Protein chains: 2
Amino acid sequence: MTPRPTLEQVAAHAGVGRGTVSRVVNGSPQVSEQTRRAVEAAIAELGYVPNLAARALVTRRTGTVALVVAEGEERLFEEPFFARAVRGISSAVQASGRQLVLALSEGRPLERYLTPQHVDGVLLLSVRADDPLPRQLQGTGLPVVLGGRPDGVDVPHVDVDNAGGARAAVAHLLATGRRRIATVTGPPDMGAGRDRLAGYRDALAGAEALEVTGDFTEGSGYRGVRELLDRRPDLDAVFAAGDSMAVGALRALREAGRSVPGDVAVVGFDDSPLAAVTDPPLTTVRQPVEELGRAMAELLAALLAGEEPASRVLPTELVVRASS
Amino acid sequence: MTPRPTLEQVAAHAGVGRGTVSRVVNGSPQVSEQTRRAVEAAIAELGYVPNLAARALVTRRTGTVALVVAEGEERLFEEPFFARAVRGISSAVQASGRQLVLALSEGRPLERYLTPQHVDGVLLLSVRADDPLPRQLQGTGLPVVLGGRPDGVDVPHVDVDNAGGARAAVAHLLATGRRRIATVTGPPDMGAGRDRLAGYRDALAGAEALEVTGDFTEGSGYRGVRELLDRRPDLDAVFAAGDSMAVGALRALREAGRSVPGDVAVVGFDDSPLAAVTDPPLTTVRQPVEELGRAMAELLAALLAGEEPASRVLPTELVVRASS
DNA sequence: TCCCGCCGTGGGAGCGCTCCCGGCGAGCCT
DNA sequence: AGGCTCGCCGGGAGCGCTCCCACGGCGGGA
């Protein structure tokens with residue numbers, strides 16, 4: 001509650017000048033060992049903490065990065081994805097000595113706030129491929145790192161290997177003797193949806209493709225599989241591009257009297273907590289979400305340090321359970 | 001990319017003094033209508049945005065509030081709880097014109113940062129009743145609002161009606177003819193765990209209590225029900241204080257050859273996404289998580305406005321599905 | 001008519017910091 | 001011995017804003 005000491009007071013207490021204390025605080029080598037110790041003692045004794053506002057005012061850097069979640073990402077709030085990503089991001093951002101400010105753009109005008117005057121950089125979580133935000137932000141000159149895959153624009157980004165995960169899932173189905181493998185895809189306007197579909201087609205290697213479009217919801221998985229069963233009653237595997245859709249798929253198969261994995265194998269994607277409790281437990285593709293967050297923050301830190309870091313694609317991993 | 005205009009430049013452009021522009025920006029009534037319009041035009045034309053750092057430096061208020069998630073709250077990251085709470089918080093914080101900074105304390109020293117110099121107030125998400133953080137923060141003189149229930153200390157807080165939800169769950173079981181109703185509790189050092197247990201005991205109204213302690217994990221639900229079945233093979237209902245534990249309970253009952261809801265009814269708590277996909281779908285208690293977040297932020301805003309708002313307890317709601 | 005008060009306004013001071021320039025010794029070269 | 005360099009240090013200036021004091025002009029009361 002007592003007023004925080006200022007640089008000036010620390011300087012007086014240590015018997016040095018303001019500049020010297022500033023140098024010590026900022027780790028400049030231009031200070032003799034002896035002086036440094038005296039200053040550090042004064043800092044400790046007075047409990048000095050730098051005033052960030054004053055520093056930001058003169059350096060023109062705020063020491064904060066914004067995490068922006070694009071509008072319409074409801075999906076992020078229904079699964080642990082967001083929490084896990086935030087966890088990874090937070091840990092890496094704090095490690096870089098910066099603070100994280102959260103901006104969920106729910107129809108609010110972010111442009112006013114997202115300027116070099118307020119934040120040093122932006123982390124953008126957006127799976128929608130046609131999102132205009134990445135491009136907009138790039139226009140402000142603010143360093144941006146995208147979580148997901150940019151569409152067209154060349155934005156530094158971190159993505160997970162959606163295509164590779166889908167390939168692994170389908171390869172696994174083929175290896176276990178399945179031959180009529182259908183898929184319920186994600187929405188075509190999401191990078192994740194498109195890439196998983198691409199992986200599916202790729203792994204099929206000439207075998208017959210059997211596709212129906214979903215939107216990552218349980219209902220779309222259910223309807224998708226019903227349609228698939230109409231079109232091809234003898235299908236023996238379903239690759240659902242998301243776990244919720246896989247849950248819907250299981251429901252549709254059960255209703256249709258198909259046993260899983262006896263008649264039909266099912267593989268999901270995400271390894272959400274759902275996957276472990278379905279009946280039977282779901283084979284699925286796990287993505288390293290916390291690692292994604294951490295990598296995003298690290299990429300941004302590199303950008304802020306003036307480097308030109310490469311975008312990254314993180315590996316996914318097939319988790320085999322009883323449904324396949 | 002062009003340097004942002006300053007107050008000074010807006011003033012020159014509008015042909016007025018610096019002070020007048022400041023008054024307009026801050027909505028002071030001490031400005032004539034005509035002058036105000038001229039200044040507003042200049043602001044719009046130049047695209048002026050106030051420099052928050054400069055303002056913070058002189059007002060000694062930062063316009064930011066911190067969301068602190070106490071250490072060891074892994075549970076928050078496995079369920080949509082965190083994401084939903086953040087959503088409510090973010091929306092209300094932005095509505096109050098402030099920004100939200102996120103501080104997940106993973107063993108880092110927060111004290112240095114959590115000072116009136118850096119943030120105006122703190123929102124604390126912590127279900128651990130013995131958490132020392134609320135008390136610590138109160139010592140700094142920083143306004144604090146707790147999400148959950150404080151233990152001993154008198155901290156403004158917002159909680160959900162855990163006891164009421166548990167009472168409703170048990171009342172429902174009694175109303176459907178169940179008589180030997182067991183419970184798997186949450187950990188006794190969490191407010192939610194204790195309150196749900198209290199609600200259970202309360203609703204039992206003299207009927208025989210049958211309790212085993214869990215820790216909100218699926219495994220503890222499974223082990224708890226096995227022990228319960230040993231002690232009382234004829235139990236006909238289980239109230240699990242969390243959905244994950246309820247999932248474990250279902251597994252244990254299935255293994256023991258009990259049908260749900262035929263032999264034993266099961267009720268969970270939380271209404272997590274899991275609840276809708278179990279077999280059978282889970283009757284559970286829904287809590288208004290986004291509303292919790294919003295209420296926390298509103299309480300803090302009131303505190304910052306110098307009011308003395310009352311803590312709140314938000315109602316919970318029983319969602320009846322097939323498991324009971 | 002004169003004075004007082006009040007509204008609207010301009011601008012000085014100063015928030016706490018970093019940047020940078022200039023100065024002061026001590027050592028080294030010539 | 002004189003001059004130069006170089007390491008280390010002090011402190012002025014100024015970042016963009018709010019606060020507040022002082023000032024000019026106008027209306028109303030005496």
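Just so you know, these numbers come straight off a predicted model, no measurement behind them. Below, chains carry the letters A, B, ... as their sequence lines are ordered, and counting in each starts from 1.
- At a threshold of 4.5 Å between non-hydrogen side-chain atoms, the residues B/Asn162 and B/Thr316 do not count as touching.
- Mapping heavy-atom proximity under 4.0 Å, the span of DNA chain C touched by chain A runs 5' to 3' from C/dG16 to C/dC20.
- The salt bridge (charged side-chain N to carboxylate O under 4.0 Å, His left out) analysis of residues 293-309 of chain A, with sequence neighbours excluded, yields the pairs A/Glu291-A/Arg294.
- For B/Phe82, the ring-ring contact (aromatic ring centres under 6.0 Å, His included) partners are B/Phe77, not counting sequence neighbours.
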Under 3.5 Å, sequence neighbours excluded: what are the donor-acceptor pairs made by side chains of residues 34-46 of chain A?
residue : atom : partner : partner atom : Å
A/Thr35 : OG1  : A/Ser32 : OG           : 2.7
A/Arg36 : NH2  : A/Ser28 : O            : 2.9
A/Arg37 : NH1  : A/Glu33 : OE2          : 3.4

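- For residues 9-27 of chain A, every residue pair satisfying the salt bridge (charged side-chain N to carboxylate O under 4.0 Å, His left out) rule, not counting sequence neighbours, is listed here: A/Glu8-A/Arg18.
- Qualifying side-chain contact (heavy atoms from CB on, under 4.5 Å) partners for A/Ala56, counting only residues two or more places apart in sequence or in other chains: B/Ala53.
- Only B/Arg18, B/Ser22, B/Arg23, B/Asn26, listed by number, bring a heavy atom of residues 15-33 of chain B to less than 4.0 angstrom from any atom of DNA chain D.
- The side chain to side chain donor-acceptor pair (under 3.5 Å) test applied to B/Arg60 returns no partner, not counting sequence neighbours.
- Contacts of residues 39-59 of chain B with DNA chain C (heavy atom under 4.0 Å): B/Leu57, B/Val58.
- With rounding to the nearest 0.5 angstrom, the CD atom of A/Gln138 is 10.5 Å from the CG atom of A/Leu124.
- Helix-axis bend for the helix from C/dT1-D/dA30 to C/dT30-D/dA1: the local axis fitted to the five terminal pairs at one end deviates from that at the other end by 50°, rounded to 10°.
- Salt-bridge formation is detected for the pair A/Arg194/A/Asp151: a Lys NZ or Arg NE/NH1/NH2 atom is positioned less than 4.0 Å from an Asp or Glu carboxylate oxygen.
- Side-chain N or O atoms of A/Ser90 include none that pairs as donor or acceptor with a backbone N or O of A/Arg87 at under 3.5 Å.
- Applying the salt bridge (charged side-chain N to carboxylate O under 4.0 Å, His left out) definition to pairs two or more places apart or across chains, none involves residues 90-100 of chain A.
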Show every donor-acceptor pair shorter than 3.5 Å between a side-chain atom in residues 61-68 of chain B and any protein atom, with sequence neighbours excluded, or say none if there are none.
residue : atom : partner  : partner atom : Å
B/Thr62 : OG1  : B/Thr64  : N            : 3.3
B/Thr62 : OG1  : B/Thr64  : OG1          : 3.0
B/Thr62 : OG1  : B/His118 : O            : 3.2
B/Thr62 : OG1  : B/Asp120 : OD1          : 3.2
B/Thr64 : OG1  : B/His118 : O            : 3.2

